[in-house]
Amino acid sequence: MSAYLSIRNVAKTYGRSIALNRIEMDVCRGEFLALLGPSGSGKTTLLRILSGLLDADHGEITLEGRNISRTPAWERDIGLVFQNYALFPHMDVRTNVGFGLEMRRIRGSEAARRIDEALDTVSMLEFGSRMPSELSGGQQQRIAIARAIAIKPRLLLLDEPLSNLDAVLRQSVRVELRELHDRTGLTTIMVTHDQVEALTLSDRVALMECGEVLQIGSPEDLYQRPASAFAASFLGSPPANLLPVTPVGVPGEFKIGEMPWKPAGSVAEILARLTHPANIALRPETLSLSENHLPGSIPGKLKAVEYMGGERLAHVEIFDEGGPIVLVRTAAEIPEPGTKVFVVPTVITGLYDTENGFEVCRLD
Amino acid sequence: MKRPGPKHYLLAPGVLLVSCVFLAPFLLLVVLSFWTQPEGTLLVEPSLTVENYLRIFSDPYYLRGLARTIWLSFATVFFSLLLGFPAAYWIVRRAVRLRRIVMALMLLPMVCGALLPTLGLVNILSPLGIINGSLKQLGLIDRSIPLLGTQTGILIGLIQAFLPLMVLPLVAVMERLPLALEEAAMSLGARPPQVWWRVVMPLAAPGIVAGSVLVFCAALTSFVTPQILGQGKIATFAAMTWQQASLVLDWPFASALAMVMLLIMAALACMVLGFRRLNWVRP
């Protein structure tokens, strides 16, 4: 399979700190890919390298079979939408949108037609003669997108596209962005630190941390089968609980920390494969609470309950005072804080090595 | 925003000083320029006549002096912009660690006053100076190129003296330009010269105008630099004014000459205020 965009062995260091460490990635034509990670994970660096605004130390980027690693930004035909939009303040909307065409010496009626087309795509046709300072943040963003797609880019890059919008607007723009992508068919790469954006918008998510791509896959894949402890503890709101589990040598018996635990059901079946200590990931919404001891349950004390509208988030201190806190998210009724409860695990999301954080074995 | 309150009295000492040593003499200058000094006397006669102004604009000596001074000032602005714009851009975008040092070095000649750097330039520009000496050593010329006592020499001196007045406002404006604007232009297909021409220059326009006005006014009224580098052979308007005031002792006429320079600067200031309305941020 030859990918539309392929990134091979791309690395970048700033002085001694590694911004990107040997990135390998393939993107298909028409795909919407999100680069997701905390700040400092290298996602913006990768975006800037793709756009040509930053040179990689080494590595190769191929777009449509052509090596563009050494192509300057102005010859790449890559549309870039900046976090703060970066509209030219001294030009009206039409001149902004037509800037890329002007640079390509496309003038007159052909330029006018393509500007109309781009403005129409973002439903901003009637704003052509406004100045950027006369537009709201959301409108400025639409113009920034129109400006980037007017050049018919081979790749569209979005840098934190929703971060400067308020919460209400964010949701509607999210839907619009996806619609725009489906309509134009542009191969799109988006940088975001917001997991909801990444999971809702994209076909695939590349989870990045410390200059490396930890996992790349569909949103469902990433959420349900996180390949590392980091992925499990980054995705989800709240993210997965990680508990240190050690086999004690007797089949079916384990320790969580120093306390004995005897799992049951499918959880016990999966843990039967465990030969060394590992961290197990339990998603808060897969756990339930019981006031009576059930097979496989973990005893604890309810510390606090947060009402989230429709659901509640219970903070349970398992075993004794000072034990690890386990979060349980449930729509069921929850007893008063201070009550003795039992946490009932039903699904294990992942088993991770205590040293390197990667999966001990693949769960299917 | 701080409220303008009773703190206005903080201005008083400054206002007092400026009133005594600048405003009062200035008003005297305006009045004096309409007075006359009968031929052969040193006494001034109060009157209200435009005779002095008519004399300036009918005598080719003064008209040529005025034209020469304006021309030199324009040339100074042009070359300061040519040298200052790339320098300012470099300071803002490239000189990360060197920035403070570069800014300090640039300000140094300004705080030295006009005399010291100009005397230094004499050594560089004179027939036996560094430029002519090196060119002769390299065998590029046989005879010295006359630089001292020429307009070229004065121009070099003026550019040297007033370049910081161009660079400082440019740096101030460019600092506020987000780098993302230039990057956006590049991603849309603009090569670096096009980025400059279509994005940086228009957005730096307020700084270009401010710097140009500062350099123009400074060059128009400069006295020491043209006097020394011109070796007294080239009379600029400021020199003519000084001649009339200090050598001929015709104060009314000297006042009228000074007034002409002031009016040129006032006209320029009005044009700049008009330009502000053309600024890219619409109200």
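Per chain, numbering begins at 1; letters A, B, ... match sequence-line order.
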message: Run the side chain to side chain contact (heavy atoms under 4.5 Å, CB included) test on A/Val81 and A/Asp159 for me, step by step, so that the C-alpha distance in whole Å, both residues' side-chain angles and the decisive distance to 0.1 Å come before the verdict.
response: CA-CA 6 Å; A/Val81 178; A/Asp159 187 6; over 6 Å; no
Max heavy-atom pair count under 4.5 Å with chain B, selected residue of A/Ala150, A/Pro132, A/Ala86: A/Ala86
query: Given a strict heavy-atom distance threshold of 4.5 Å, which part of A/Arg147 is in contact with chain B: side chain, backbone, both, or neither?
result: both
- prompt: At what distance, to the nearest 0.5 angstrom, does CD of A/Glu117 lie from OG1 of A/Thr184?
  reply: 11.0 Å
- prompt: Considering only heavy atoms, which portion of A/Gln83 lies under 4.5 Å from any heavy atom of chain B: side chain, backbone, both, or neither?
  reply: neither
- request: Taking side chain to side chain donor-acceptor pair (under 3.5 Å) as the test, write out the residues that go with A/Ser6, two or more places apart.
  value: A/Thr62
- request: Could you verify whether a donor N or O on one side chain and an acceptor N or O on the other, from A/Thr13 and A/Asp57, lie under 3.5 Å apart?
  value: yes
field: Portion of A/Asn84 that has a non-hydrogen atom of chain B nearer than 4.5 angstrom
entry: side chain
- request: Please round to the nearest 0.5 Å and tell me the distance separating atom CD1 of B/Ile156 and atom OG1 of B/Thr150.
  value: 7.0 Å
- line: What one should report as the nearest heavy-atom pair of A/Arg170 and A/Leu162 is NE-O, 3.2 Å
query: Should A/Leu46 and A/Ile23 be marked as a side chain to side chain contact (heavy atoms under 4.5 Å, CB included) after you check the CA-CA gap, both sets of side-chain angles, and the distance that decides it?
result: CA-CA 9 Å; A/Leu46 182 57; A/Ile23 299 292; 4.2 Å; yes
message: Please classify the contact of A/Arg104 with chain B as side chain, backbone, both or neither, using a heavy-atom distance under 4.5 Å.
response: side chain
query: Should the pair A/Phe88 and A/His90 be assigned to parallel (<30°), tilted (30 to 60°) or perpendicular (>60°) ring geometry?
result: perpendicular
- line: Expected contact set for residues 179-191 of chain B against chain A at heavy-atom separation under 4.5 Å reads B/Ala180, B/Leu181, B/Glu183, B/Ala184, B/Ala185, B/Met186, B/Ser187, B/Leu188, B/Gly189, B/Ala190, B/Arg191
message: Side chains of A/Thr192 and A/Asp194 only: does a donor on one sit below 3.5 Å from an acceptor on the other?
response: no
Portion of A/Ile78 that has a non-hydrogen atom of chain B nearer than 4.5 angstrom: backbone
Part of A/Leu101 lying under 4.5 Å from any heavy atom of chain B: neither
